[in-house]
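In what follows, chains carry the letters A, B, and so on, assigned in the order in which the sequence lines appear, proteins first and then strands, with residues in each chain numbered from 1.
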Number of protein chains: 2
Amino acid sequence: MVRMADVAREAGVSVMTVSNVVNERLPVNEPTRARVMAAVEALGYEVNLTARHLRAGRTDTVAFIVPSFHDYFGEVSDKIAPLIEAEGRHLVLERTSGCPEHEMAALSVARLQLYDGVLLSVVGLDRDQLDRVRTAKPIVLLGERDVPDRFNHVRLANEEGARLATAHMIEHGSRRIVGLGCTFDTAHMMTSDRRIGWERAHRDAGLDVDARYVVPISTFTSAAGRDALLDVIASGLPFDGVFAVTDVVALGAVAALAESGLRVPTDVQLAGFDNLDMSRFVPPGLTSVDANHEGVAETAVGLLHRQMAGWTGPAEHVVAPVRLVVRGSTRGGA
Amino acid sequence: MVRMADVAREAGVSVMTVSNVVNERLPVNEPTRARVMAAVEALGYEVNLTARHLRAGRTDTVAFIVPSFHDYFGEVSDKIAPLIEAEGRHLVLERTSGCPEHEMAALSVARLQLYDGVLLSVVGLDRDQLDRVRTAKPIVLLGERDVPDRFNHVRLANEEGARLATAHMIEHGSRRIVGLGCTFDTAHMMTSDRRIGWERAHRDAGLDVDARYVVPISTFTSAAGRDALLDVIASGLPFDGVFAVTDVVALGAVAALAESGLRVPTDVQLAGFDNLDMSRFVPPGLTSVDANHEGVAETAVGLLHRQMAGWTGPAEHVVAPVRLVVRGSTRGGA
DNA sequence: ACTCTTTACTTTAACGCTAAAATCCGCTCG
DNA sequence: CGAGCGGATTTTAGCGTTAAAGTAAAGAGT
C-alpha cells in the first residue's frame, strides 16, 4: 500500500503538502504541486478512506438497510440511490433478512458509526425494541411497523390502499374477496393494516366480514401466494375476488388462477399492492395500489438530509398517500 | 461518542485492559473484567469500527457492486449474502448504473481499501479499461464482458443458452424468431453473445438468418421490450417466435403480444433468459434459460474466498452452465 | 534466598490521515 | 534597515484502536 508518506518522500516535501495538493485545501506553489502530482502518478497513490474517515469522523456514506435486496426493496433502492448521490455521498445497501436481531445489529452504535446516516426498512422490530435504540445518528425508518415518536418515519397509507383496492372490486361486482396474505395481528404491521382496509371496504359496502377469507401466508413470495390460493380453491370456499398484500403475492395468485382455469377478471378480480414495474406487464395488467416509490424515496431522503444537516426539531411521521392504479385484472380496467 | 478511554477511566484500568475484555484476547482477572463490563454497560460503549479497520488493515466487509439493485441483480445479491455472512463477513451492495466511470471508480484503489474483497458485475467496462486496474485486492468479476486473464471471472454460457432456447422454439415449429434485445456488436457482451446463439440455432436447423429479426432495445426493461415488439408488430414483419435477451424484456414481450391479441404459445412462442423467480408465475409460464443463480453465486464467492485466503495461483475463468426451463410460453411446455 | 515462571496488567508505538499551530522566508514600508 | 506582513511549508498532535513489548508481583523450584 502506498501511503502519503511515500509520496512525500518521493516528492521531497512534507506529508501535509501532499495532503494539501491532493485535497486542494491550502494553496501550494505550482512547481511543488507539479512535483507532488508527479509522485502521486508515479506511485499510483490514492487516499486511504478508512484513515480519512477516522480522522474526519465522517464517512460521507449513507446506508439503506433492507430485509432483502429483491423486488420492492430493489426498486425503492434504485430510487433512493440518485438522491443520496446528488448530495455527494455514497449509498450502500445492507440486508437484514427481516429478522429482528439483524435489524437491531444494524442500529447498534458500532454499525452506525460507519455511516453518516441510515435508512432502515423495519419489518421485524416492534416499538419497544426500537425504543431501546439510543443514538444521535441521523436515522429514518421506513415501513409499516409502529415506531417511537422520536424517530423520523415514513410509512404507506396501508389501510386506505387496501380499502381502495377492495372497494373497487366490490364496486365492480365482487362479493367474496380473499385477503391473500392478510392477518388478524393486533400489532401494526403490513399484513394487519391492509386487512383492516380490506375489512373496512366490506363494512362500507354493507357486506359481512368473513374471517375465512383472510388467508395468511408464510413468506411474501409468489410461490407462497400461489400455494395459498390453490389451497383456497381446493377447499371449495367460493370467491370472486382476491386482494393480495403485495404484487409479488398477487403474481402467485395470477398463476394459481390461470392453472385452475379461472379467468381474470371475468371469474375473479385481482388487485395487489406496491405497483411494481412488473405489474403493468403481467397480463391482463395487475390492478395495484401505488405508493409512489419515488415520492417515498424523496420524503425519506429529505428527512435524512435535514437531520444530517443538523436539524434538531421534532421527528416527522409521514404517511405516504396512495392511489389505485386500475388495470385489466379488475373490471374497471381497460 | 464514548471511547475506550472513557471506559478505562470509569473502570480504573488502562485502555488495553478494556480492549482485552471487549475482544476477549488476553485473559483478564474476573473482578477487573466485571468492573470493565459494568463500565461498558454504564456508558453504552461500543467499539469504533472505523478505528479498528484502520488499525487492523481489514474491514471484514465484502462489496458486491452491481449496475442496479433491481431484478436479476437483486435476486443474485440475495443468494450471495448468506455465503459471505457464513464466513463471518458483512456484505454491502453498491450501484454503478452500469456506467463505465462508476465501475472504474468502484475499482479505484481508494474504494477498494474499504473492502476485503469485491465482486463486480461488469457491464460498462471493456477489456482495455479493466486492464488498467492495478491492485492486489481480491476481486471477482461477473458478467458477460471480456476481461483480462488475471481477473477471476464468472460468466454465463450465453451463446449456448440462447441457442438452446431458440433451437427449442424452432423444434416446436417456429420459423421466424425475433431476437428481442439482441445486437450485432462485435465486442463480447450479453446482447451480442446471445445473438450468436440465436443465429447458431438457425444455422444448425438449416434456416437463414435474417438481420431484420435482430431487434435492439435501449434499456433492458419490460417497457423497452414491449415497445420494441409493438414496433415489430406494427411494421408487419411476420414472426412466430420471440427470444428475449432477459426475462424482464420477455415480460414486456408478453404484454405486447397480449395487447396485440397474439396467443402464446399458439401464435407466437416466447423464451427469455435468467429464469427469474417471477418467470414461473407469469402465465402461461415463461420458458427461460436458467443459469443457476445460486451456483453462480457459490462459484463467485468461492473464488473470492480463495483469493482472500491468500491463493496466488492463476485466476479462473468460469463459464456457468445453463439449462433450458421449458414452460407454457413454448410448445414443448405443459 | 535467589532465579525462573506465570499471571495480570500497562506502556509504547503505530495504522494513515489532516486541523491547527508553528516556522521560515522573501518582501514591503516607515 | 529592522519591524511587520503574508504566503508557503512544516511540525505537532491527535482521531480510536490494538500488537507487541515491558513491568510488577505472586508463586514454584532448587
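The shortest distance between the side-chain N/O atoms of B:N29 and the OP1/OP2 oxygens of C:dA8 is below 4.0 Å. The phosphate of D:dA8 (OP1 or OP2) has no side-chain N or O of A:T32 nearer than 4.0 angstrom. In this structure, B:T50 does not reach the D:dT17 phosphate: none of its side-chain N or O atoms is under 4.0 Å from OP1 or OP2. Distances shorter than 4.0 Å separate some side-chain N or O of B:R25 from OP1 or OP2 on D:dA19.
Judged by distance alone, the side chains of B:D277 and A:H70 do bring a donor and an acceptor atom under 3.5 Å apart. Between the side chains of A:R55 and A:N48, no donor N or O sits under 3.5 Å from an acceptor N or O. Under 3.5 Å, the side chains of B:R127 and B:H188 contain no donor-acceptor pair of N or O atoms. With no hydrogens or angles considered, a side-chain donor-acceptor pair links A:E144 and A:N158 at under 3.5 Å.
Taking for each of B:L26 and B:R52 the nucleotide of DNA chain D with the nearest heavy atom, the 5'-most of the two is the partner of B:R52. Of the two residues contacting DNA chain C, namely A:N23 and B:S14, the nearest-nucleotide position lying further toward the 5' end is that of B:S14.
Following rounding to the nearest Å, B:R3 (CZ) and D:dG14 (C1') show an atom-to-atom distance of 11 Å. Straight-line distance from the CG atom of A:L114 to the P atom of D:dC15: 19 Å, rounded to whole Å. Nucleotide D:dT11 holds its C1' atom 10 Å from the CE atom of A:M16, rounded to whole Å. Rounded to whole angstrom, the span from the CZ atom of B:R35 across to the C1' atom of C:dC9 amounts to 11 Å. At whole-Å resolution of the value, CG in A:N20 and P in D:dT11 are 14 Å apart. At whole-Å resolution of the value, NE2 in A:H53 and P in C:dA19 are 14 Å apart. Look at CD on B:Q113: it is 14 Å from P on C:dC15, rounded to the nearest Å. Protein atom CD of A:E30 is 16 Å distant from nucleotide atom C1' of D:dT9, rounded to whole Å.
Within 6.0 Å of CD on B:E24 lie no more than 12 heavy atoms contributed by other residues, nucleotides or ligands.
Distances from the side chain of A:M1 to the nucleotides D:dT9, D:dA20, C:dG16 place C:dG16 closest. Of the candidates D:dT17, C:dT12, C:dC17, the closest approach to any side-chain atom of A:A51 belongs to C:dC17. The side chain of B:V28 has C:dC9 as its nearest neighbour among D:dA8, C:dC9, D:dT17. In this structure, the nucleotide among C:dT12, C:dG16, C:dC17 sitting nearest to the side chain of B:L54 is C:dG16.
A salt bridge is absent between B:D126 and B:R145: the closest approach of a Lys/Arg side-chain nitrogen to an acidic carboxylate oxygen does not fall below 4.0 angstrom. With respect to the salt-bridge test (charged N to carboxylate O, under 4.0 angstrom), the residues B:E316 and B:R306 qualify. Ion pair A:D131/A:R150 flagged as a salt bridge, since at least one NZ, NE, NH1 or NH2 atom sits closer than 4.0 Å to an Asp/Glu carboxylate oxygen.
Counting distance only, with no hydrogens placed and no angle test, the side-chain atoms of A:R55 and the base atoms of C:dA19 include no donor-acceptor pair under 3.5 Å.
Using a 4.0 Å heavy-atom criterion, one finds that B:V15 contacts the bases of the nucleic acid, with or without backbone contacts as well.
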Notebook entry, point to check: Which dot-bracket notation, 5' to 3', represents the base pairing of DNA chain C when pairs are defined as Watson-Crick or G-U with both distances under 3.5 Å, crossing pairs as [ ], and inter-strand pairs as |?
Noted result: ||||||||||||||||||||||||||||||
